[in-house]
Number of protein chains: 2
Amino acid sequence: MEVKKDNTEDKIIDAATDVFVQKGMDGARMQEIADRAGINKALLHYYFRSKEKLFDAIFTKLIGIAFPRIGQIIFSELPFSEKLEQAVGTYLDLLIKYPFLPAFIVKEVNRDATPFFSFIERSGFSVDPIKRMLQEAMDRGEIRPMKPEHLMVNIIALCVFPFAVRPIINHVAFKGDDKALKQFLAERKDEVKSFVLKAIQPE
Amino acid sequence: MEVKKDNTEDKIIDAATDVFVQKGMDGARMQEIADRAGINKALLHYYFRSKEKLFDAIFTKLIGIAFPRIGQIIFSELPFSEKLEQAVGTYLDLLIKYPFLPAFIVKEVNRDATPFFSFIERSGFSVDPIKRMLQEAMDRGEIRPMKPEHLMVNIIALCVFPFAVRPIINHVAFKGDDKALKQFLAERKDEVKSFVLKAIQPE
DNA sequence: AAAAAATTTAACCAGGTGGTTAAATTTCGA
DNA sequence: TCGAAATTTAACCACCTGGTTAAATTTTTT
């Protein structure tokens with residue numbers, strides 16, 4: 001049940017999101033954003049004083065989607081395998097909904113990481129609780145011992161990477177067949193879960 | 001033992017590589033490339049008629065590095081575990097040497113995939129032999145059965161992804177400590193190998 | 001020494017960029 | 001109805017973009 005937004009600011013944000021995600025900060029044009037929002041350039045500056053300010057707003061919004069709070073899952077009393085299943089499932093649902101997020105974030109974070117850094121500071125995001133949770137699971141013998149940083153990166157890599165290189169996979173593995181690619185990405189949920197579970201199971 | 005290159009064309013290519021990798025096609029400026037090559041803009045167009053032609057040359061060169069021929073490994077008679085070890089080792093050495101390749105390719109392939117497509121066609125690159133090799137390893141019972149596309153994507157994801165999101169990992173996991181990040185990336189060789197091997201072992 | 005190739009200089013171009021301004025007009029809430 | 005806010009129009013700005021040109025100069029090759 002989506003809320004109907006028809007005020008100008010939201011129209012601008014929607015249009016700017018589309019354009020920035022597709023073209024990136026460097027490739028985006030204020031005129032195109034104005035056109036897509038159905039307004040003119042003057043009004044664009046009436047709402048957001050500069051391209052940079054507008055981009056920051058969009059970037060912050062999108063990074064907030066890509067770095068969701070997963071506290072409830074982490075702090076639940078479920079066994080690790082079920083935490084993993086929930087986390088991977090939730091995250092892949094999100095990626096299927098926003099398939100262009102990974103490429104956008106890779107692009108912009110490598111261009112200028114400071115907006116990302118300030119988001120992290122503002123949001124208070126930290127990996128420490130996740131690391132602690134993993135360490136405890138290892139101590140309980142639910143997971144084989146390994147550096148938690150590697151496990152975290154591995155899980156995220158398996159989820160995110162296929163979306164970041166979508167055009168490559170689509171062409172090389174599926175010869176441009178969009179249906180097959182979509183099917184493949186849908187399968188990732190089970191694939192990542194079982195792949196990780198086997199990889200971390202103790203002796 | 002690097003070959004000393006001091007002719008202008010190579011100076012241009014080196015400079016253009018730096019600038020395009022760092023800023024991308026949209027962010028790159030011909031003036032900056034000329035400055036870095038120690039020449040002027042007129043001479044830049046004397047060698048490469050347009051920005052697009054220069055970019056194509058650089059992109060093709062870099063994609064050729066990122067999609068190396070791994071035929072010798074695939075067609076060797078080694079057991080799969082050793083093939084994996086060799087392939088991952090070789091590829092991670094390459095990524096450590098060119099750490100900005102993944103972000104560059106993600107960026108540019110998502111901006112315009114056609115140069116990538118034409119490279120694939122020209123080079124005759126195909127996943128089919130890799131798929132066949134994996135299938136045979138499964139038939140021999142060396143690997144648990146799974147879709148070869150997923151296994152391929154998983155291995156590449158585990159290798160490449162950390163480099164693509166290097167600034168994020170550096171900040172979130174290592175609080176900006178470059179040494180720690182470097183150490184982490186060096187560990188990936190063993191990490192990916194053991195992670196994948198456990199994930200694919202039968203039963 | 002002559003010819004050819006490489007390089008510089010410096011000016012120039014058309015077109016696009018983000019951004020601004022002022023005035024007129026429309027919309028909308030008090 | 002009145003006034004404020006929202007929106008449009010249209011012109012304008014300085015600056016940057018990729019790209020071109022012609023002539024002079026230097027370097028290299030023959």
Side-chain angles (χ1 to χ4, degrees), chain A residues 3-62 104 107-108 110-115 118, chain B residues 3-62 104 107-108 110-115 118:
Chain A
V3 181
K4 196 88 179 201
K5 294 171 185 174
D6 56 354
N7 64 313
T8 303
E9 192 164 338
D10 287 332
K11 279 197 303 188
I12 292 176
I13 286 180
D14 288 349
T17 301
D18 287 350
V19 175
F20 278 130
V21 161
Q22 223 177 84
K23 312 262 174 101
M25 169 67 171
D26 289 333
R29 297 291 162 243
M30 294 295 270
Q31 189 59 58
E32 187 179 351
I33 295 173
D35 290 347
R36 271 208 220 197
I39 58 165
N40 50 44
K41 223 175 43 167
L43 194 58
L44 202 52
H45 287 84
Y46 180 81
Y47 278 87
F48 298 85
R49 289 215 306 274
S50 71
K51 184 186 186 182
E52 216 181 335
K53 284 203 168 62
L54 178 54
F55 178 80
D56 280 352
I58 304 301
F59 182 81
T60 301
K61 181 191 99 180
L62 292 179
F104 172 73
K107 196 185 314 183
E108 298 304 330
N110 279 280
R111 184 184 62 87
D112 176 16
T114 49
S118 55
Chain B
V3 181
K4 198 95 182 194
K5 294 172 184 173
D6 57 352
N7 64 311
T8 303
E9 191 164 339
D10 287 333
K11 279 196 303 187
I12 292 176
I13 286 180
D14 288 350
T17 301
D18 287 351
V19 175
F20 277 131
V21 162
Q22 222 177 85
K23 312 262 173 100
M25 169 68 172
D26 288 333
R29 298 290 163 245
M30 294 296 269
Q31 189 60 59
E32 187 179 351
I33 295 173
D35 290 346
R36 272 209 217 194
I39 58 163
N40 50 44
K41 223 175 42 167
L43 193 57
L44 201 53
H45 286 86
Y46 179 81
Y47 277 88
F48 298 85
R49 286 214 308 274
S50 71
K51 184 185 185 182
E52 216 181 336
K53 286 206 166 62
L54 179 54
F55 178 80
D56 280 352
I58 305 300
F59 182 82
T60 302
K61 180 191 100 179
L62 292 180
F104 172 73
K107 194 186 312 184
E108 298 305 329
N110 279 280
R111 184 183 62 87
D112 175 15
T114 48
S118 54

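Below, each value reflects all heavy atoms present in this structure, side chains not excepted, and no hydrogens, waters or symmetry copies. Throughout, a chain's letter reflects where its sequence line sits, starting with A, and its residues are numbered from 1.
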Without decimals, in angstroms, what is the distance between [X] [atom1] and [N] [atom2]?
X       : N      : atom1 : atom2 : result
B:Ile39 : D:dT25 : CD1   : P     : 21 Å
B:Lys23 : D:dT17 : NZ    : P     : 10 Å
A:Leu44 : C:dT20 : CG    : P     : 12 Å
A:Ile12 : D:dT8  : CD1   : P     : 10 Å
B:Leu43 : C:dT8  : CG    : P     : 6 Å
A:Met30 : C:dT20 : CE    : C1'   : 12 Å
A:Asp35 : D:dT8  : CG    : P     : 12 Å
A:His45 : C:dG19 : NE2   : C1'   : 5 Å

Is the backbone N or O of B:Met25 less than 3.5 Å from a side-chain atom of B:Glu108, with the two atoms forming a donor-acceptor pair by type? yes

Quick check: does any side chain N or O of B:Lys107 sit under 3.5 Å from a backbone N or O of B:Lys23, one acting as donor and the other as acceptor? no

Are any of the side-chain heavy atoms of A:Ile58 and A:Val19 separated by less than 4.5 Å? no

What's the spacing between B:Tyr46 OH and B:Leu43 CG if we round to 0.5 Å? 8.0 Å

Using a cut-off of 4.0 Å on non-hydrogen atoms, how would the nucleic acid contact of B:Tyr47 be classed: base, sugar-phosphate, or nothing? sugar-phosphate

Check whether any side-chain nitrogen or oxygen of [X] sits under 4.0 Å from OP1 or OP2 of [N], and answer yes or no.
X       : N      : answer
B:Thr8  : C:dT7  : yes
B:Arg29 : D:dC16 : no
A:Tyr46 : D:dT7  : no

Does the D:dG19 base have a donor-acceptor partner in the side chain of B:Lys51 within less than 3.5 Å? no

Angle class for the A:Phe55/A:Phe20 ring planes (parallel below 30°, perpendicular above 60°, tilted otherwise)? perpendicular

Most 5' of A:Ala28 and A:Ala42 on DNA chain C, judged by nearest nucleotide: A:Ala28

